[in-house]
Amino acid sequence: MDKDCISKEQDSSSDSHYALKDRIISFVWQHLILIVSLFVMTFGVALCVRSNFGSSVISAIPLAMTLAGDNAQAPQLSIGEYTYLMNAVLVAIQIIVLRRRFEAVQLFQLVIGFFFGFLLDVNMWLTQSVVCTGLWSKIVIQFVGCLVLGIGISVEIRCGSVTMPGEGVPAALSKATGVAFAKAKICVDICLVVGAIALCYVFFGHWLWNVVGPGTLFAMFFVGMVVRFCDSRMGPVDRILNYTPALPRFLYGLARYIYRR
């Protein structure tokens, strides 16, 4: 009887250990897909920048600072590096707004923000051959960039990790004030655009249409439409997220079998 109890306890412990390993695999798999979604998002952002028709909202301030750095009017950092610094500021704003209600897990936004900035620099390098001079080429590249950005955001949201800092601030404002998230998001986006315009005047003395232009206004509305359209069509992404890679699953299963033997 005692042997049976010990055997059951060992099986229970083994099952618990296996479940923990399975959760770890699932966590790693989930965040690998998150990195893929960040790559897609930053590819879309890079296309918007390359369109010279107005950058996306999230890249407007970093682009203005990068151009100022190229003119020796600000630290000479890449657009990805300025994006990471801006994301760090956005996380700090969340801490100020929420204070004790800020959850420590949301600091993981800094990690996501780092990968976003790094991948943005990678995609700026990959898209360096994209040169838009004519009006139609600008419109087409801007459209494609916003479409890709919206798809990337849809996958990123589906991953279920912490939000990007750009969404974290309106979420914090919504939580602190009771204002609807959509309204808070619009207010934050407007503040980012106004901030980019102000930086253009500070550093260059005039409005830079390649930083904030018609494409920026288009991105503010069209990206949200793409996200809403894709939201109900994420079945394949859900299946990928729920899939456990076969090799790690086989190895853990084999190890569990040998251990129980």
What do the steps show when you test Gln73 against Val202 for side chain to side chain contact (heavy atoms under 4.5 Å, CB included), and what is the final call? CA-CA 10 Å; Gln73 295 173 296; Val202 168; over 6 Å; no
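- The line from CD1 of Ile58 to OG1 of Thr216 is 12.5 Å long, rounded to the nearest 0.5 Å.
- A donor-acceptor pair under 3.5 Å links the side-chain atoms of Trp207 to the main chain of Val212, judged by distance alone.
- None of Ile35, Val40, Leu34 except one satisfies the side-chain contact (heavy atoms from CB on, under 4.5 Å) rule with Ser37; the exception is Leu34.
- A chain of hydrophobic side-chain contacts below 4.5 Å, direct or via other Ile, Leu, Val, Met, Phe, Trp or Tyr residues, connects Ile95 to Leu98.
- To the nearest 0.5 Å, atom OH of residue Tyr82 and atom OG1 of residue Thr66 are 6.5 Å apart.
- A 4.5 Å side-chain heavy-atom check between Leu67 and Asp70 finds at least one atom pair inside the cut-off.
- To the nearest 0.5 angstrom, Tyr201 atom OH is 9.5 Å from Leu208 atom CG.
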When the side chains of residues 47-56 are checked against the rest of the protein, which donor-acceptor pairs come out under 3.5 Å, sequence neighbours left out?
unit_1	atom_1	unit_2	atom_2	d
Arg50	NE	Thr127	O	3.3
Arg50	NE	Thr127	OG1	3.3
Arg50	NH2	Met124	O	2.5
Ser51	OG	Cys48	O	2.6
Ser51	OG	Phe53	N	3.2
Ser51	OG	Gln142	OE1	2.6
Ser55	OG	Val211	O	2.8
Ser56	OG	Ser59	OG	2.9

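- Partners of Val105 under the side-chain contact (heavy atoms from CB on, under 4.5 Å) rule, at least two apart in sequence or in another chain, are Glu103, Val162.
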With a cut-off of 3.5 Å and sequence neighbours excluded, list every side-chain donor-acceptor pair involving residues 171-188.
unit_1	atom_1	unit_2	atom_2	d
Ser174	OG	Val179	O	2.6
Thr177	OG1	Leu173	O	2.6
Thr177	OG1	Val179	N	3.3
Lys185	NZ	Glu167	OE2	3.0
Lys185	NZ	Asp189	OD1	3.4

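- Using a 4.5 Å heavy-atom threshold, the side chains of Tyr84 and Pro62 count as separate.
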One pair to check against side chain to side chain contact (heavy atoms under 4.5 Å, CB included): Leu147 and Phe222. What are the steps and the verdict? CA-CA 8 Å; Leu147 181 64; Phe222 183 67; 4.3 Å; yes
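- Under the 4.5 Å side-chain criterion, counting only non-hydrogen atoms from C-beta, Val155 is not in contact with Met41.
- Applying the side-chain hydrogen bond (donor to acceptor under 3.5 Å, both in side chains) rule to Asn123 yields the partners Thr42; only residues at least two apart in sequence or on another chain are considered.
- Hydrophobic clustering, with ILVMFWY side chains joined whenever heavy atoms are under 4.5 angstrom apart, groups Ile153 together with Phe221.
- Note that the CG atom of Leu77 and the CG atom of Leu85 stand 6.5 Å from one another [nearest 0.5 Å].
- In terms of hydrophobic clustering, with Ile, Leu, Val, Met, Phe, Trp and Tyr side chains grouped at heavy-atom distances under 4.5 Å, Leu90 and Ile96 are assigned to different clusters.
- With sequence neighbours excluded, no residue forms a side-chain hydrogen bond (donor to acceptor under 3.5 Å, both in side chains) with Asn210.
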Using residues 106-121 as the side-chain source, report each donor-acceptor pair under 3.5 Å to any protein atom, sequence neighbours left out, with the distance given to one decimal.
unit_1	atom_1	unit_2	atom_2	d
Gln106	OE1	Gln109	NE2	2.8
Gln109	OE1	Gln94	NE2	2.8
Gln109	NE2	Gln94	OE1	3.0
Asp121	OD1	Ser78	OG	3.1
Asp121	OD1	Gly80	N	2.8
Asp121	OD2	Ser78	OG	2.6

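- Met65 contributes atom CE, which lies 11.5 Å from atom OG1 of Thr83 (distance to the nearest 0.5 angstrom).
- No continuous path of ILVMFWY side-chain contacts below 4.5 Å connects Val36 to Leu126, so the two sit in separate hydrophobic clusters.
- Hydrophobic cluster membership differs between Val226 and Phe229, with clusters built from Ile, Leu, Val, Met, Phe, Trp and Tyr side chains linked at under 4.5 angstrom.
- Shown here for Phe204 and Ala64, the closest heavy-atom pair between the two residues is CE1-O, 4.2 Å.
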